[in-house]
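Taking it in order: structure first as structure tokens, then the write-up.
Just so it is clear, the values below take in all heavy atoms, side chains as well, and ignore hydrogens, waters and symmetry mates. All of these numbers come straight from a predicted model, not from anything done at the bench. Within every chain, numbering begins at 1; the chains are lettered A, B, ... in the order of the sequence lines, protein sequences first and strands thereafter.
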Amino acid sequence: SQKIEQNSEALNIQEGKTATLTCNYTNYSPAYLQWYRQDPGRGPVFLLLIRENEKEKRKERLKVTFDTTLKQSLFHITASQPADSATYLCAPQYNFNKFYFGSGTKLNVKP
Amino acid sequence: NAGVTQTPKFRVLKTGQSMTLLCAQDMNHEYMYWYRQDPGMGLRLIHYSVGEGTTAKGEVPDGYNVSRLKKQNFLLGLESAAPSQTSVYFCASSYSRDRSNTGELFFGEGSRLTVL
């Protein structure tokens with residue numbers, strides 16, 4: 001089965017800096033790749049979706065890239081704020097019932 | 001518009017007991033899913049449904065059963081609970097035929113189950 005790798009160590013950054021989170025997958029490339037935010041004790045919330053044929057997608061302070069050659073997606077938060085502190089999950093999607101979720105990377109933004 | 005609602009939010013069971021988790025969505029979604037989330041493991045798909053009356057196995061279906069008698073509800077059952085089923089369970093839904101879709105999953109807030 002597909003293996004999704006996200007940095008299990010927390011990422012600690014200073015407010016105002018850009019946070020970059022990495023998602024690597026094995027085997028074949030997904031048709032889509034989604035990113036979710038999860039706060040403690042809450043369910044994941046959808047942030048962005050990028051398609052296989054898209055190199056980059058932006059939404060406000062968020063940017064996602066998708067490199068099918070490297071089998072990697074990068075998730076960027078620019079001008080980070082303490083409110084951005086959460087765990088971020090990547091989810092390569094192969095069809096409607098095949099989402100493989102990574103275990104997530106915890107982001108801590110310090111004031 | 002409540003989205004996806006899960007009940008109960010917390011439950012403690014003894015080994016061998018049975019229980020049912022209920023998921024309800026009010027977005028007229030066709031697809032519904034049950035995931036479990038364990039530390040360091042990510043979300044793993046247990047069972048899913050593509051419509052009323054249909055269910056299918058996911059990645060880790062053993063020890064669980066599901067039913068989707070009504071479109072808005074998706075039930076997850078544990079017939080004989082085991083300590084290995086201690087986890088946080090999330091229900092999700094997606095895809096509506098009568099509105100545009102982004103492909104995203106809408107999650108409930110989770111049900112925390114402990115099996116002693």
Side-chain angles (χ1 to χ4, degrees), chain A residues 1-10 21-27 30-54 57-59 62 64 66 73 86-106, chain B residues 2-7 9-10 21 23 25 27 29-51 54-61 66 68 74 87-97 100-112:
Chain A
S1 65
Q2 193 68 290
K3 186 177 180 182
I4 313 304
E5 293 178 345
Q6 292 186 259
N7 195 338
S8 58
E9 290 184 12
L21 286 69
T22 304
C23 174
N24 295 295
Y25 58 90
T26 59
N27 302 330
Y32 311 95
L33 195 144
Q34 301 190 14
W35 283 87
Y36 289 78
R37 168 182 173 142
Q38 187 173 23
D39 292 287
R42 307 295 298 274
V45 175
F46 173 79
L47 295 174
L48 277 173
L49 175 151
I50 187 167
R51 291 177 170 76
E52 185 179 18
N53 61 354
E54 296 176 321
K57 196 80 168 282
R58 291 176 185 262
K59 179 182 178 182
L62 308 180
V64 173
F66 192 4
S73 175
T87 296
Y88 292 86
L89 311 175
C90 77
Q93 180 186 359
Y94 295 85
N95 61 42
F96 70 90
N97 67 322
K98 284 195 187 299
F99 291 79
Y100 292 98
F101 282 86
S103 55
T105 298
K106 187 175 182 181
Chain B
V4 178
T5 304
Q6 293 182 229
T7 52
K9 289 182 170 45
F10 302 92
L21 298 177
C23 176
Q25 54 94 3
M27 296 172 282
H29 282 164
E30 303 296 323
Y31 306 154
M32 295 187 74
Y33 313 79
W34 275 108
Y35 287 89
R36 61 177 289 173
Q37 187 174 39
D38 302 292
M41 298 288 290
L43 287 157
R44 292 182 292 168
L45 182 64
I46 305 171
H47 285 281
Y48 65 96
S49 167
V50 301
T54 72
T55 63
K57 295 180 180 180
E59 189 182 358
V60 288
V66 288
R68 189 146 178 224
F74 195 29
S87 187
V88 181
Y89 292 86
F90 286 99
C91 177
S93 70
S94 70
Y95 184 65
S96 172
R97 294 186 190 278
S100 61
N101 293 279
T102 58
E104 68 185 275
L105 293 175
F106 292 82
F107 283 88
E109 295 290 15
S111 296
R112 286 146 187 80

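- Only the side chain of B:Gln37 has a heavy atom closer than 4.5 Å to any heavy atom of chain A.
- A:Gln34 places no side-chain N or O within 3.5 Å of a backbone atom of A:Gln93 that could act as its donor or acceptor partner.
- The contact between B:Arg112 and chain A is made entirely by side chain atoms (from C-beta outward), counting heavy-atom distances below 4.5 Å.
- For B:Tyr95 and B:Tyr31, the ring centers sit closer than 6.0 Å to each other.
- For B:Tyr48 and B:Phe74, the ring centers are positioned 6.0 Å apart or more.
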Does B:Val4 form a side-chain contact (heavy atoms from CB on, under 4.5 Å) with B:Met27? I'd like the steps, not just the answer.
CA-CA 8 Å; B:Val4 178; B:Met27 296 172 282; 3.6 Å; yes

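- Comparing A:Pro44, A:Ser103, A:Ala91, A:Gly41 by how many heavy-atom pairs each has under 4.5 Å with chain B, the most go to A:Pro44.
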